[in-house]
Peer 1: 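Here you go, one structure.
Values in this document were obtained by computation on a predicted structure and should not be read as measured data. The chains referred to below are lettered A, B, ... by the order of the sequence lines, with proteins before strands, and numbering in each begins at 1.
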Amino acid sequence: MDILSLFVIIPILTVVALLFVKELEKVRVISAVGMFIQLLLSIKLVFDYIAERASGNTSEMVFQKSYQWFESINIQYNVGVDGISVVMILLTGIIIFTGIFASWKVAYLSKEFFISLIVLATGVFGFFISLDLFTMFLFYEVAVLPMYLLIGIWGTGNKEYSAMKLTLMLMGGSAFLLVGLIGIYMNSAPEGQALTYNILEIAKHNIPIEAQRFFFPLTFIGFGVLGALFPFHTWSPDGHASAPTAVSMLHAGVLMKLGGYGALRVAMYLMPEAANEMSWIFIILTGISVIYGALGAVVQTDLKYINAYSSVSHCGLVLFAVLMVNKTSFNGAILQMLSHGLMTAMFFALIGMIYGRAGTRDIKKLGGLMKVMPFLAVMYVIAGMASLGLPGLSGFVAEMTIFVGAFQHSDIFHRVATIIAVSSIVVTAVYILRVVGKILFGPIINEEHKQLTDAVWHEKLPLIVLLIAIAGMGIAPLWISDLIMESLDPIVNKLVMVTQ
Amino acid sequence: MDFTYTIYIVLIPLFAFLVNGLLGHKIKDSISGVFATLALGVSAILSYFTAYNYFFKVGKVDGVYEKITAFNTTWINFTDKLHIDLGVLIDPISVMMLVVITTVSLLVHIYSLGYMKGDEGFTRFYAYLSLFTFSMLGLVVATNIFQMYMFWELVGLSSYLLIGYYYTKPSAVAASKKAFIVTRFADLGFLVGILFLSFTTGTFDFITLNENASILAQAAPLGFMGLSVLTWAVILIFIGGAGKSAMFPLHIWLPDAMEGPTPVSALIHAATMVVAGVYLVARLFPIFSAVDPIALEIVAIVGGVSSLFAAIIACTQIDIKRVLAFSTMSQIGYMMLALGVSGMGEEGTGFMASMFHLFTHAMFKALLFLGAGSIIHAVHSNNLTDMGNLRKYMPITHITFLIACLAIAGVPPFSGFFSKDEILVAAMNHNPIYFWIEWAVAGLTAFYMFRLYFGIFWANDKKHDHAHESPFSMTLPLVILAIAATFAGFVPFNELVTSDGGFLDIHIHWNIALPSIAIGLVGILVAYIFYKKESSLPSKMEKSVGSLYTYAYNKFYIDEVYMFVTKKIIFNKISTPIAWFDRNVIDASMDSIANITNYFSDKIKTIQSGQLQQYITAFIAAVLILVFIFNYLIS
């Protein structure tokens with residue numbers, strides 16, 4: 001069995017095992033063990049990948065495996081990874097593992113909950129290993145659909161509305177995407193040759209420019225909806241606010257990353273001419289996302305809304321970097337996906353824990369929590385610092401790479417857009433410190449909150465894992481950025497060839 | 001000579017931070033305090049050793065001190081050429097800063113053993129102090145501007161944590177937030193400046209930048225308003241420096257920062273962090289002087305305005321820490337002005353004077369703050385009105401405070417006299433207007449410092465029940481700093497720290513020194529008449545200047561302007577409408593797509609009623625229509 005397919009098989013086996021147990025305790029243990037194996041496997045994949053590259057394998061994708069699946073329209077189960085997907089898989093491994101622990105307290109229909117959650121993760125893993133557009137799309141849908149159940153059944157607040165809204169908007173996005181993908185397929189090979197869904201094959205061939213002009217915006221918007229592209233981001237605040245903790249973690253942590261990853265690997269890579277022509281429209285939209293999300297976060301009072309708007313801003317930066325078309329900014333985009341994934345998962349985990357204790361997420365009703373839950377409070381401050389781009393934590397590395405990359409363009413348009421994006425660092429500081437100052441510091445507002453307790457082991461564990469990842473990336477970014485950089489060459493070369 | 005060991009000067013405080021930060025709750029307070037202090041002691045000794053080796057053992061090569069990269073490692077690659085390194089750069093100004101930082105930090109560590117005793121966050125306090133020292137040391141030894149920016153931000157974090165140390169106090173939380181956001185805003189300029197700089201020059205490295213300053217300045221493409229991109233880059237970078245150094249109009253965070261524990265004010269908001277902006281300009285000085293002269297002129301104007309502005313406000317404040325805060329801002333204004341009026345090489349009196357003043361100021365201002373801490377410790381109040389007559393209770397604090405006041409007032413032979421004199425000389429050479437402004441500020445400085453001195457130690461015959469001299473751990477640093485404040489003026493800065501590392505010929509210019517001594521003495525004399533004994537003179541004076549006093553007392557309402565911009569404009573006029581727009585326009589239009597779909601499906605669903613009669617009626621009608629169409633229209 002090849003290592004990549006294991007990423008799909010292990011979660012499926014975990015789900016099958018879950019079908020046969022009933023007790024809550026066993027459900028938790030099986031999920032935790034399954035996802036722990038998955039995490040170990042993702043770490044092993046990183047090492048295997050580095051070893052494979054060190055041994056001189058310079059092909060674009062390694063560990064490739066391909067099976068014919070649906071011959072008449074040439075759909076294949078075709079998997080392979082490069083440095084980019086390896087780090088995204090590692091991210092997913094970390095988030096799903098920590099997400100299981102963040103859901104430890106789910107008691108209502110817990111078995112079904114864990115099954116849906118793991119199915120969602122399966123889709124994400126499948127997406128990152130796929131080289132075949134159709135399989136990729138299939139896994140994408142597998143990841144999106146359980147969301148409806150997870151929010152609709154286990155959510156809080158106005159959950160039916162939120163679940164419906166989120167699903168419909170994402171489905172709308174995938175409708176665009178499906179048209180785009182089929183369009184790519186129809187133009188994937190020169191006259192007389194067999195059409196293909198294989199990304200590597202399509203990249204060798206230039207899709208006619210007329211087709212690109214039509215299908216690039218569809219594909220980019222399709223992925224962009226998932227990456228909270230303005231004005232298609234409004235599912236994010238409502239969806240996150242109603243979603244249970246682990247779902248918010250997974251959604252903001254990895255699912256939104258499918259958008260950035262797909263925009264880079266499919267939209268930009270396969271349709272470079274159109275990307276070059278139309279990037280200005282999307283630069284404006286993503287620039288708006290970045291600053292608009294941040295300003296929107298400043299006035300919110302619900303912790304989850306603040307983070308949802310913050311995610312709009314941070315994920316906007318991912319797409320912004322993708323559109324800047326050079327190696328540095330692409331590297332920044334991937335780093336920002338990792339960084340945002342980790343810190344937003346940490347944020348949502350913490351918000352879940354605070355909500356579980358205080359019974360509210362309204363910052364006006366919280367105050368002085370540092371006194372009663374120092375561990376959670378310190379973690380919240382650290383997550384906040386990562387979010388506002390403090391050196392030594394992951395956010396700084398990612399943002400600086402994006403800014404330096406974007407600044408390699410010398411024309412006024414890109415300059416102004418970049419400076420506007422850079423100015424978001426101030427707004428970010430404002431909303432982060434506002435929350436931190438309000439809920440953690442100051443006197444305790446609510447007398448009942450004096451009885452609250454600090455984190456227990458199954459809460460500390462995921463937070464510490466995330467903290468190690470955030471700090472590790474922030475302190476020693478060299479290996480991870482080099483890992484990404486070397487895999488960017490094919491994409492950059494194809495795009496740069498067009499612009500010259 | 002191998003300077004690789006200097007990396008440990010930086011890393012030891014980091015280690016102390018990690019130990020106290022991670023294991024703090026498991027160790028006893030006294031142990032964690034002593035541990036952090038010892039760790040810093042090692043750093044300080046290594047710094048002195050480095051200074052000795054660098055200045056005397058290695059000495060000058062061909063008449064100049066060389067710049068040595070003691071350690072350098074790549075941290076992240078951006079492109080083939082651009083990368084951030086982490087390293088240690090040894091040159092006169094960085095070595096001088098190492099000595100200043102480790103000395104003041106060590107003394108503050110010792111002092112806090114007494115001052116913070118019994119505080120429930122004792123280990124947290126020491127962890128923060130170590131973190132700050134680490135960041136500040138990392139900043140000054142930076143080999144490239146991006147490393148400096150990184151540690152710049154970390155210094156901002158430690159400042160944030162320490163200002164907000166008493167986190168249950170809302171005013172402290174607000175002050176820490178304000179400090180972070182205002183400096184962050186300034187850092188935006190810094191960052192954009194770095195981006196411009198990196199793009200035009202293709203490097204972050206200080207040595208490469210400075211050595212090729214004139215070539216780079218000539219090669220830089222034109223930006224807008226007739227200035228080159230490089231000029232804009234350094235002006236933007238200077239905004240960052242002005243924010244950190246609390247220069248007008250980015251100074252508003254500094255007075256509020258006094259919410260932090262007093263030893264912190266001495267270390268961060270007097271001696272080290274707030275001079276980072278001065279250090280930044282000094283570090284990039286060759287570039288600053290190579291680009292359009294407007295850049296340095298801006299530095300000089302900002303420095304001059306700040307020093308005058310702050311000195312006026314300092315005369316009216318009654319919170320003694322706030323007086324010292326404005327005094328700090330004013331003195332840093334001096335340093336900035338000195339850099340702004342300076343040139344390179346032979347013309348570099350201003351540069352040397354600025355560094356010299358940075359050094360002496362660190363000593364006497366740290367002494368003033370620690371003295372103020374000792375007083376506050378005794379009377380449990382920051383207000384001048386609660387003090388007076390304290391000389392009888394606190395003799396050591398009294399004498400050391402007096403020495404510091406004499407030093408800052410520029411009375412010879414105390415250290416402030418020498419450094420201030422050089423600044424005035426440089427100002428005179430550049431433009432007499434600057435000289436006269438700074439001359440007036442010198443008088444104001446002497447006045448407000450002695451207003452403070454007389455107000456605290458004389459003024460009345462108040463009885464203080466609990467007031468007593470502070471413990472040894474607090475008086476020892478006072479005495480050491482008093483000695484430094486007295487003699488620091490004799491350090492030969494013209495030999496050691498100059499703009500090009502060479503020797504600078506200086507001597508005392510009596511035509512400048514005499515008026516400045518005179519105005520200092522006048523300031524002291526006025527303060528003596530006003531405040532030695534309780535009298536009605538001060539209030540008469542306040543009345544006679546009328547609204548100027550009210551404006552100055554209210555810090556010229558700059559805070560209110562900021563409040564207006566942030567609360568009224570950004571919060572109410574931008575963010576709130578955006579939030580509304582998002583919910584009611586963007587989201588509503590998404591919802592309405594769903595609603596319209598729903599509406600139509602609701603309407604057309606009646607067609608599918610399940611009743612056969614309806615279906616057949618429709619079927620027959622359709623057939624008839626089609627027949628009609630085919631028969632009469634087509635054929």
Peer 1: Heavy-atom distances under 4.5 Å only: say whether Val378(A) touches chain B with side chain, backbone, both or neither.
Peer 2: neither
Peer 1: For His414(A), is there any backbone N or O sitting under 3.5 Å from a side-chain donor or acceptor partner on Thr418(A)?
Peer 2: yes
Peer 1: Could you look at Gln408(A) and say if it's the side chain, the backbone, both or neither that has a heavy atom under 4.5 Å from chain B?
Peer 2: both
Peer 1: Using only atom types and a distance under 3.5 Å, with no angle test, would you say the side chain of Ser329(A) pairs donor to acceptor with the backbone of Ala321(A)?
Peer 2: yes
Peer 1: Quick one: does NZ or CZ of Arg415(A) land under 6.0 Å from the six-membered ring centre of Phe199(B), within 45 degrees of the ring axis?
Peer 2: yes
Peer 1: Do other residues, nucleotides or ligands put more than 12 heavy atoms under 6.0 Å from Phe122(B) CZ?
Peer 2: yes
Peer 1: What part of Thr401(A) is in contact with chain B, defined as an atom under 4.5 angstrom from a non-hydrogen atom: side chain, backbone, both or neither?
Peer 2: both
Peer 1: Looking only at heavy atoms and a cut-off of under 4.5 Å, which of Ile578(B), Val229(B), Leu82(B), Ile84(B) has the most pairs with chain A?
Peer 2: Ile578(B)
Peer 1: Please determine, by modelled atom types, if Asp85(B) and Asn144(B) share a side-chain donor-acceptor pair under 3.5 angstrom.
Peer 2: no
Peer 1: Around Phe15(B), counting heavy atoms of other residues, nucleotides and ligands shown, do more than 12 lie under 6.0 Å from its CZ?
Peer 2: no
Peer 1: Counting only heavy atoms not in Ile412(A), do more than 12 fall under 6.0 Å of its CD1?
Peer 2: no
Peer 1: Pick one of side chain, backbone, both or neither for Met485(A), based on which atoms fall under 4.5 Å of a heavy atom in chain B.
Peer 2: side chain
Peer 1: In terms of heavy-atom proximity below 4.5 Å to chain B, should Leu388(A) be classed as side chain, backbone, both, or neither?
Peer 2: both
Peer 1: With sequence neighbours excluded, tell me which residues meet salt bridge (Lys or Arg N to Asp or Glu O under 4.0 Å) with Asp119(B).
Peer 2: none
Peer 1: So which residue, Ile593(B), Ile194(B), Asp591(B), ends up with the most heavy-atom pairs under 4.5 Å with chain A?
Peer 2: Asp591(B)
Peer 1: Is it the case that Thr123(B) and Ser32(B) place a side-chain donor and acceptor less than 3.5 Å from each other?
Peer 2: no
Peer 1: How would you list, in number order, the residues of residues 229-238 of chain A that have a heavy atom less than 4.5 Å from chain B?
Peer 2: Phe230(A), Pro231(A), Phe232(A), His233(A), Thr234(A), Pro237(A), Asp238(A)
Peer 1: Which atoms of Tyr166(B) come close to chain A, meaning under 4.5 Å heavy atom to heavy atom: side chain ones, backbone ones, both, or neither?
Peer 2: neither
Peer 1: Checking Thr231(B) against Ser228(B): is there a side-chain donor and acceptor pair closer than 3.5 Å?
Peer 2: yes
Peer 1: Under 4.5 Å heavy-atom distance to chain B, tell me which part of Ile425(A) shows up: side chain, backbone, both or neither.
Peer 2: both
Peer 1: So, do Tyr292(A) and Tyr309(A) have ring centers that fall under 6.0 Å from each other?
Peer 2: no
Peer 1: Let me know if Ile574(B) has heavy atoms under 4.5 Å from chain A in its side chain, its backbone, both or neither.
Peer 2: side chain
Peer 1: Is there a donor-acceptor contact under 3.5 Å from the side chain of Gln147(B) to the main chain of Gly87(B)?
Peer 2: yes
Peer 1: Which residues in residues 366-376 of chain A have a heavy atom less than 4.5 Å from any heavy atom of chain B?
Peer 2: Met370(A), Lys371(A)
Peer 1: Heavy-atom distances under 4.5 Å only: say whether Ser410(A) touches chain B with side chain, backbone, both or neither.
Peer 2: both
Peer 1: Of Tyr165(B), Tyr167(B), Phe17(B), Phe132(B), which meets ring-ring contact (aromatic ring centres under 6.0 Å, His included) against Phe125(B)?
Peer 2: Tyr165(B)
Peer 1: Taking every non-hydrogen pair under 4.5 Å, which of Tyr305(A), Trp479(A), Phe441(A), Phe407(A) racks up the most with chain B?
Peer 2: Phe407(A)
Peer 1: With a 4.5 Å cut-off on side-chain heavy atoms, are Met385(A) and Leu433(A) touching?
Peer 2: yes
Peer 1: Using a cut-off of under 4.5 Å on heavy-atom pairs, state which of Asn77(B), Thr74(B), Leu195(B) scores highest against chain A.
Peer 2: Leu195(B)
Peer 1: For Thr576(B), is it the side chain, the backbone, both, or neither that has a heavy atom closer than 4.5 Å to a heavy atom of chain A?
Peer 2: both
Peer 1: Is atom OH of Tyr599(B) surrounded by more than 12 heavy atoms (other residues, nucleotides or ligands) closer than 6.0 Å?
Peer 2: no
Peer 1: Donor-acceptor check, side chain of Ser158(B) to backbone of Leu154(B), threshold 3.5 angstrom: yes or no?
Peer 2: yes
Peer 1: Can you tell me which portion of Asp482(A) sits under 4.5 Å from chain B's heavy atoms? Options are side chain, backbone, both or neither.
Peer 2: side chain
Peer 1: I need the full list of side-chain hydrogen bond (donor to acceptor under 3.5 Å, both in side chains) pairs touching residues 420-440 of chain A, with sequence neighbours left out, sorted by first then second residue.
Peer 2: Ser310(A)-Tyr431(A)
Peer 1: I'd like to know if the side chain of Ser311(A) and the backbone of Asn307(A) have a donor-acceptor N/O pair within less than 3.5 Å.
Peer 2: yes
Peer 1: Under a 4.5 Å heavy-atom cutoff, which of His83(B), Lys177(B), Glu153(B) has the most pairs with chain A?
Peer 2: Lys177(B)
Peer 1: So what's closer than 4.5 Å to chain B heavy atoms on Phe396(A): side chain, backbone, both or neither?
Peer 2: side chain
Peer 1: Give me the ring orientation class for Tyr160(B) and Phe180(B): parallel if the planes are under 30° apart, tilted from 30 to 60°, perpendicular past 60°.
Peer 2: perpendicular
Peer 1: What part of Lys327(A) gets within 4.5 angstrom of chain B, counting heavy atoms only: side chain, backbone, both, or neither?
Peer 2: neither
Peer 1: Using non-hydrogen atoms and a 4.5 Å limit, figure out which bit of Leu86(B) sits close to chain A: side chain, backbone, both or neither.
Peer 2: neither
